[in-house]
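Below: the structure, in structure tokens.
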Amino acid sequence: MASATDTALVSEDTSETEAVAAGAVGLAAVLFALSLASVFELVTITDPVAGVPMVALLGGLLVVLGFAVVTFGVGSRLGYVATDPRPTAGLVASTAFGLVWFVVGGLVASQSLGFGTAGWVIGALVTGGAAFAVSAFPREDIGSTLPAGGLALFAGIVFLTGVIGPSWVWNLGWEQQASFNAEFTIPVLTAFCSLLVGWAAAKAYGGFGARGRHVGAYVLVYLNAISIIALLFLLVAFTVLKGLPGLFNGFAFGAGAGPEVTLVGLTFSLPVSWPFVMNGVALLNDVNGVLPAIAGTIWLVIGAVLFAVPLGVGAAVFITEYADRGRFTQVVEIATNGLWSTPSIVFGLFGLAFLVPRLGNQKSLLAGMLTLGFMLLPLVVITSRESMLAVPDEYRDASAALGVTKWQTIRSIVLPASLPGIVTGIILGVGRIAGETAPILLTMSGSVAPPGSQTVDVLGGFQFQSAPPFVTNPELMQATSALPYQLYSLITAGVGQSSNIGAIDEFRWATALILLVVVLGFYAVGIATRYYFRSKLQHD
Amino acid sequence: MSETRQTTDDAQATTDSELAGGASPGTDQPLEVTSGETRERTREEWVEHEFEGEAKLSVSDLDVYYGDDHALKGVSMEIPENSVTALIGPSGCGKSTFLRCLNRMNDRIKAASIDGSVQLEGEEIYQDGVNLVELRKRVGMVFQSPNPFPKSIADNISYGPRKHGDLDTGLLANLLGRSDDDAVDELVERSLRQAALWDEVQDRLDDNALGLSGGQQQRLCIARALATDPEVLLMDEPASALDPIATSKIEDLVHDLAEEYTVVIVTHNMQQAARISDQTAVFLTGGELVEYGDTDQVFEDPQSQRVEDYISGKFG
């Protein structure tokens, strides 16, 4: 290897150059965060940050970073900085840089310079080829810094000079009038450039070579993971912020604030008044609420779980413990996997065509429960099967050697050991079915904005008779609403039908938030259950 | 088997005393030794073991096949009551397969087919109508790696008897006042004491058994097997996954257990076999029982050249 220096076994104290490189990595991370914040419009690009407009700040930082990285690479090549580079940056990096610069060259040639097709292709090929050559042929320190730093410099200058300024719009000229505006383009480009330049700076910090590649990959993966988590939090935070005003509309707390309830013959006022979750929709309500839909969703999930879990676990026991491994189990496996990926609207149609006519010929809570149960069933089978297969055969051998029968072994050893896995499957499945709209639309759909009196009360709905069928439950046979369905119908219903509801937008967001809370509530119950079963299996 | 004997006789007639070393104590030299691992023929009298008292288990002409693989070839031996019988031999010689035949654990392997006879106190266990639950209650087993259930120590011990319906501790039994809680406590203490584990775990009987050390887990498994009150205890290399101290505890335990139980133990460790067993059976590659006899005799004065080579560490 044509390395300028031998690798020292023990590196010296952090040198100034390393500190500069580390600073560049940090700056790139800050820049990445800033650009993400602008993508989600936490900061608009014209807002001043510390006295400087956001767009100028982004551009300036890019220029600084690009310059730093290029300087580092050149300095390393000339021997001013002790590094351990390889002869080339590698084909993957070169190809990536070539592609990026191909796009840049093509865009500049066609959009800024106004060349025709032949012109921009030639321009793109020239820049792309040059970037490929620069990163592939020189030593790694030049090859991985120059194209990245150059891109950051270029983008920074474009932003600073206002070629792509705050009022920039690029009309694509498609039929749908699609266009890119600066509000979106500048932060996305900045995020991309900051990732590239951060990677190059991280490689420089590691002194290139094997260690440099390791550090570079680490920074890339880390930034990626953080941005995904940030995205998730943002999504939840967005819903919460939008939903909170509607959710706590008319909320009151204190003795006697709430509505009167009667429990075991005692009538008293609840200490909390929370109209959004305690009311339905009615003309005379001060604040309208979604109580019927909440109750509907909860009962739906409970019904589906009660239906699917025993069947699914039973099927999994048969497949793993009794059936011979062979064609049959393979077919069952493929069928369950296929069923789990079947679109929910298909399940809904099945429910509409098969269940509804057989259950009183009307859409009902029971039909919805069963349809969602059918949807949940394959996942319960899959996860139960997996977790039963994960139970070590030593347990089964030990049990058999004690003269315990197969069924008792399954009941006392296999099932308890696989319960955490089964519960995990149920949690995942409930997360899916609780948010399903299509099957509910087809099998259960109640009114768009049900009044509080339509709240389903399954436990109180049982009626006993002396004649067959002895037990009936009209509540189960009634159409009712559920949160995702109500949200959907409120969005599609238009102003007319939802005129009872005052601030309709607030109401929708609060409904979405409540749906999120209900699903997360089921998650919490599931996770607590899993924790309980797992703690019984493990020592400390 | 009979074929083998036939050829042995032929060999006897034709072979000169060309073998090195006086392996055989007999007057004439029956062995046909070529080198090292040899093509020596097994002789019937090597596997005859005279002992006083009753035979607990008697095996005759036992053949086991795994698919096309002939894993055990015509093994016959009698295992005396209340003693320790060690089965030794190199890997793949069929000693574990033999052990698993004694309580029909090989039934659990689909590819295995078993031919021959095993009698427990004169009753054939390979016949129709054998109650496997009862058989395995009487012939308990301890496995190579400790495999306690992920339950509490007490539940591990009482698992077998509860599942057999000998002890009733369910909710219904509690409600009806028929619960055997005291009997369970008694059983747990007795079994743990027998397995020399009581002193170490008596304060944490409700803790998960997986929290015990490897040696303790293995003794718990022995206690679990003892809780069903077996007559025979089969052990498949019970100490191979344990450190020397835990191993010596298990060995002492095996020695004590032999007063009440018939112990059959598979081991890789020849010193262990020499230390703890009353009689030793040597299986060699190919699934043959080559020599069976008093442990002292087998180790000090083996009749077979191959066994001598194996015991003295020339192969295996």
Side-chain angles (χ1 to χ4, degrees), chain A residues 313 316-330 332 383-384 386-424 529-540, chain B residues 99-100 102-110 131-153 155-166 204 206-213 217 220-222 224-230 233-236:
Chain A
V313 172
V317 165
F318 175 75
I319 296 168
T320 54
E321 305 292 324
Y322 288 105
D324 285 337
R325 196 117 323 149
R327 183 140 301 185
F328 174 71
T329 51
Q330 275 174 358
V332 172
T383 51
S384 307
E386 292 294 324
S387 55
M388 282 176 204
L389 286 178
V391 175
D393 269 343
E394 280 88 40
Y395 293 165
R396 298 186 179 91
D397 277 348
S399 189
L402 287 169
V404 174
T405 59
K406 195 164 194 168
W407 168 241
Q408 281 175 321
T409 305
I410 293 169
R411 235 196 56 181
S412 317
I413 305 292
V414 178
L415 278 185
S418 54
L419 264 179
I422 295 173
V423 173
T424 305
T529 318
R530 182 172 62 183
Y531 180 81
Y532 169 74
F533 285 129
R534 198 173 274 168
S535 69
K536 276 178 61 168
L537 293 176
Q538 286 170 343
H539 59 94
D540 310 332
Chain B
L99 191 77
R100 291 168 66 91
L102 300 182
N103 67 346
R104 292 190 58 168
M105 280 296 278
N106 275 338
D107 291 14
R108 292 172 54 76
I109 300 172
K110 291 241 160 54
N131 181 351
L132 285 185
V133 173
E134 193 59 31
L135 170 68
R136 289 175 185 159
K137 270 166 76 172
R138 288 174 64 182
V139 185
M141 188 162 193
V142 176
F143 294 84
Q144 180 169 3
S145 55
N147 56 354
F149 300 125
K151 295 170 178 292
S152 75
I153 294 171
D155 282 351
N156 261 284
I157 303 289
S158 60
Y159 175 78
R162 271 190 290 129
K163 295 300 152 192
H164 297 145
D166 297 343
R204 45 181 176 139
D206 292 327
D207 286 6
N208 196 306
L210 298 181
L212 298 175
S213 74
Q217 287 190 8
L220 177 66
C221 291
I222 294 173
R224 181 177 66 187
L226 294 177
T228 57
D229 198 22
L233 198 57
L234 309 176
M235 297 181 154
D236 193 353

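Letters A, B, ... mirror the listed sequences (proteins, then strands); counts begin at 1.
By the 6.0 Å contact criterion, CZ on B:Arg108 is enclosed, its count of non-hydrogen atoms from other residues, nucleotides or ligands being greater than 12.
With values rounded to the nearest 0.5 angstrom, A:Thr409 atom OG1 is found 7.0 Å from B:Phe149 atom CZ. The CZ atom of B:Arg162 sits 11.5 Å away from atom CG of A:Leu402, with the distance rounded to the nearest 0.5 Å. The structure places CG of A:Leu537 at 8.5 Å from CG of B:Leu210, a figure rounded to the nearest 0.5 Å.
Of the possible polar contacts, none joining the A:Glu394 side chain to the B:Asn147 backbone as a donor-acceptor pair under 3.5 Å is found.
Within the 4.5 angstrom heavy-atom criterion, atoms from both the backbone and the side chain of B:Arg224 approach chain A. Residue contact with chain B, scored on non-hydrogen atoms closer than 4.5 Å, involves the backbone and the side chain of A:Arg396 alike. With a 4.5 angstrom heavy-atom cutoff, B:Pro148 touches chain A only via backbone atoms.
Residues B:Arg136 and A:Val404 form no side-chain contact, since every pair of their non-hydrogen atoms from C-beta on lies 4.5 Å or further apart.
Considering every non-hydrogen atom in both B:Met105 and A:Asp397, the closest pair reads CE-O, 3.4 Å. Residues A:Ser412 and B:Lys163 share a closest heavy-atom pair of OG-NZ, 2.8 Å.
Taking chain B as the reference chain and counting heavy-atom pairs below 4.5 Å, the highest number among A:Ser399, A:Pro416, A:Ala417 is found for A:Ser399.
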